[in-house]
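Before any comments, here is the structure.
These numbers were taken from a predicted model, which means no experiment stands behind them. Counting convention: from 1, in listed order, for ligands and their atoms alike.
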Amino acid sequence: MKDLKFYLNKALKNHFALGAFNFCNMESLQAIVNASLKTKSPAIISVSESALSYMGEDFVMALAKTAKKQNPALFLHLDHGKSYEICKKAVDLGFDSVMIDASALDFKENIKLTKKVALYAHKKGVLVEGEIGQIKGVEDNVKADQNIYTSPQEACEFARETGVDMLAVAIGTSHGVNKYSKNPTLRMDILTEIERLLPSLPLVLHGASTVDERLVETFNNFGGQLSKAKGVSEELLIEAVTKHNVVKINTDTDIRLSFTSETRKVLEENKKEIDPRKYLGKGREKAEQILSAKIRNVLFSAGKK
Ligand code: G3H
Ligand code: 13P
Ligand code: ZN
């Protein structure tokens with residue numbers, strides 16, 4: 001069966017990564033679906049807790065069902081679940097995988113909660129992602145003030161104790177548009193050491209948006225005010241994918257930024273436009289274009305369906 005486990009193993013073996021793309025409405029999901037279809041790529045469609053409550057679970061499940069009908073190699077994932085209850089809810093709703101993000105707790109408590117989620121999810125055939133270390137950034141439900149890099153020894157103990165199927169590691173990425181004040185860097189040495197200890201564990205990179213400066217320019221040219229925006233470089237992501245075991249790359253900011261910069265442009269250029277389809281449609285097109293390029297040139301998952 002070509003389930004998520006199958007694609008994670010395929011990605012590990014062939015050194016490509018599944019994009020884990022966040023959606024928060026029909027158009028952002030359509031952008032992901034269209035990009036995955038055009039590139040013949042498997043992908044993960046992620047909803048955060050706040051996106052789940054924004055859309056409502058019935059809409060999320062109906063949208064995901066439609067997306068999977070169009071591309072059966074799409075997998076619904078709960079991003080940054082903070083409690084046992086929300087993870088259980090996602091499992092019961094029929095998600096393919098859940099992330100329990102207990103990385104803010106101390107190590108033993110993180111193990112305890114992650115293990116509890118894994119025991120429940122695995123009984124229902126749902127995969128589990130855990131996280132150790134902390135990934136900097138401020139989002140609705142994701143908050144950490146500084147990076148605390150993942151310790152490879154702790155990663156080893158964590159994976160053994162919890163039975164997670166995927167492990168999110170903190171190696172220098174962060175959430176949102178302001179990832180770096182200087183040149184982007186990633187601690188590849190941490191990946192190397194984790195891989196020595198856990199050679200077959202799928203690794204996950206959060207905060208992996210590249211924050212294309214052309215999109216930031218469009219955003220600012222049409223009334224936006226983003227300053228000092230900087231993402232991870234494509235080169236670093238390519239290295240993480242092709243030379244390491246990073247097989248899930250989380251991207252939300254690049255979708256938001258492409259969508260919103262294009263929407264701003266349409267609205268600024270057409271001051272009498274009142275039809276949402278005119279600006280949301282253009283936002284959707286731009287996001288699809290950015291995602292297709294990412295799938296082809298950075299994740300190398302094109303044609304892997
Ligand atoms: O990593 C977190 C995602 O970007 C989700 O953010 O809670 O604002 O939907 P959100
Ligand atoms: P970005 O903010 O870099 O897109 O990261 C998204 C993410 O990690 C979702 O879990
Ligand atoms: Zn994240």
Side-chain angles (χ1 to χ4, degrees), residues 17-25 28-29 31-32 35 43-57 59-60 63 75-83 86-87 90 95 97-104 128-144 147-148 150 166-180 184-186 203-213 215-216 219 226 228-234 236-237 240-241 246-261 287 290-291 294-295 298-299:
L18 300 179
F21 301 130
N22 288 70
F23 70 97
C24 63
N25 59 11
S28 52
L29 181 59
I32 301 166
I44 292 168
I45 49 176
S46 292
V47 274
S48 64
E49 281 196 50
S50 61
L52 189 59
S53 76
Y54 174 78
M55 290 180 276
E57 56 192 59
F59 276 102
V60 168
L63 286 168
F75 301 97
L76 181 63
H77 174 78
L78 175 71
D79 193 26
H80 292 285
K82 289 287 185 189
S83 63
I86 186 72
C87 292
F95 278 50
S97 56
V98 296
M99 175 190 194
I100 172 70
D101 178 358
S103 59
V128 175
E129 174 182 341
E131 176 180 325
I132 51 169
Q134 279 196 37
I135 296 160
K136 193 178 67 161
V138 184
E139 315 255 345
D140 288 3
N141 283 318
V142 186
K143 223 176 192 175
N147 272 322
I148 300 171
T150 301
M166 304 171 254
L167 180 67
V169 291
I171 59 165
T173 55
S174 56
H175 292 106
V177 287
N178 301 111
K179 298 188 193 300
Y180 296 96
T185 50
L186 288 183
L203 301 179
V204 181
L205 214 53
H206 281 250
S209 281
T210 55
V211 193
D212 189 324
E213 54 192 38
L215 296 176
V216 175
F219 188 87
L226 281 180
K228 298 186 180 139
K230 199 182 230 344
V232 194
S233 67
E234 290 196 344
L236 287 173
L237 293 179
V241 170
V246 172
V247 292
K248 176 172 177 279
I249 294 260
N250 284 25
T251 304
D252 188 350
T253 297
D254 284 347
I255 303 172
R256 295 177 179 193
L257 181 60
S258 50
F259 204 105
T260 309
S261 58
I290 292 294
L291 289 174
K294 195 183 282 294
I295 286 171
V298 179
L299 308 179

Contacting atoms of ligand 2, where contact means under 4.0 angstrom from a heavy atom of Thr251 | 4 (O)

Taking all non-hydrogen atoms of both residues into account, name the closest pair between Ala35 and Leu291 and its distance.
-> CB-CB, 3.8 Å

Tell me, do Phe21 and Ile295 make a side-chain contact under 4.5 Å, heavy atoms counted?
-> yes

Would you check whether Asp79 has a nitrogen or oxygen atom less than 3.5 angstrom from a nitrogen or oxygen atom of ligand 2?
-> yes

Can you sort out which atoms of ligand 2 are near Gly176, meaning under 4.0 Å from one of its heavy atoms?
-> 2 (O)

With heavy atoms of Ser50 as the reference, note each atom of ligand 1 found under 4.0 Å away.
-> 7 (O), 8 (O), 9 (O), 10 (P)

Quick one: which ligand 2 atoms are inside 4.0 Å of a heavy atom on Asn22?
-> 9 (C)

Hey, is ligand 1 close enough to His175 that some N/O pair sits below 3.5 Å?
-> yes

Going by the order shown, which atoms of ligand 2 are within less than 4.0 Å of some heavy atom of His80?
-> 10 (O)

Which of the numbered atoms in ligand 1 are below 4.0 angstrom from a heavy atom of Asp79?
-> 1 (O), 2 (C), 3 (C)

Member of Asp252, Ile44, Thr253 meeting the side chain to side chain contact (heavy atoms under 4.5 Å, CB included) criterion with Asn22 | Asp252

Taking non-hydrogen atoms only, is Ile255 closer than 4.0 angstrom to ligand 2 via side chain, backbone, both or neither?
-> neither

Residue set satisfying side chain to side chain contact (heavy atoms under 4.5 Å, CB included) with Ala240, at least two apart, ordered chain then number -> Met188, Leu191, Leu205, Val246

Show which atoms of ligand 1 fall inside a sub-4.0 Å distance from at least one heavy-atom site of Asp252.
-> 3 (C), 4 (O), 5 (C), 6 (O)

Indicate whether the side chain of His206 and that of Glu129 have a donor and an acceptor atom separated by less than 3.5 Å.
-> yes

Name of the His175 atom (N/O/S only) found closest to the Zn ion (ligand 3) = NE2

Tightest non-hydrogen contact, residues Lys82 and Glu49, listed as N-OE2, 2.7 Å

Which atoms of ligand 2 have any heavy atom of His206 under 4.0 Å away?
-> 8 (O), 10 (O)

Check: of Gly207, Gly231, Ser209, min heavy-atom distance to atom 5 (O) of ligand 2 comes from Gly207

Would you mind listing which atoms of ligand 1 come within a distance below 4.0 Å of any non-hydrogen atom of His80?
-> 1 (O), 2 (C)

Ignoring hydrogens and angles, tell me if any N or O in the side chain of Lys179 forms a donor-acceptor pair with the backbone of Val232 under 3.5 Å.
-> no

Could you tell me whether Lys179 and ligand 2 have an N or O pair separated by under 3.5 Å?
-> yes

Quick one: look at Ala20 and ligand 2, take heavy-atom pairs under 4.0 Å, and tell me if it's side chain, backbone, both or neither.
-> neither

Determine whether the side chains of Ser103 and Asp101 contain a donor N or O and an acceptor N or O closer than 3.5 Å.
-> yes

Spell out, as yes or no, whether a donor-acceptor pair under 3.5 Å connects the side chain of Ser258 to the backbone of Ile290.
-> no

For Ser46 and His77, does a side-chain donor sit closer than 3.5 Å to a side-chain acceptor?
-> no

Give the contacting part of Met99 toward ligand 1: side chain, backbone, both or neither, where contact means a heavy-atom distance below 4.0 Å.
-> neither

Ignoring angles and geometry beyond distance, decide whether Asp254 reaches within less than 3.5 Å of ligand 2 through its nitrogen or oxygen atoms.
-> no

Atoms of ligand 2 under 4.0 Å from any heavy atom of Thr253, numbered from 1 in the order shown, are 1 (P), 2 (O), 4 (O)

Polar side-chain atom of Asp254 near backbone of Ser209 as donor-acceptor pair, under 3.5 Å | no

Report yes or no: does Thr260 contribute a side-chain atom to a donor-acceptor pair with the main-chain N or O of Leu257 at less than 3.5 Å?
-> no

Using only N, O or S atoms, tell me which atom of His206 is closest to the Zn ion (ligand 3).
-> ND1

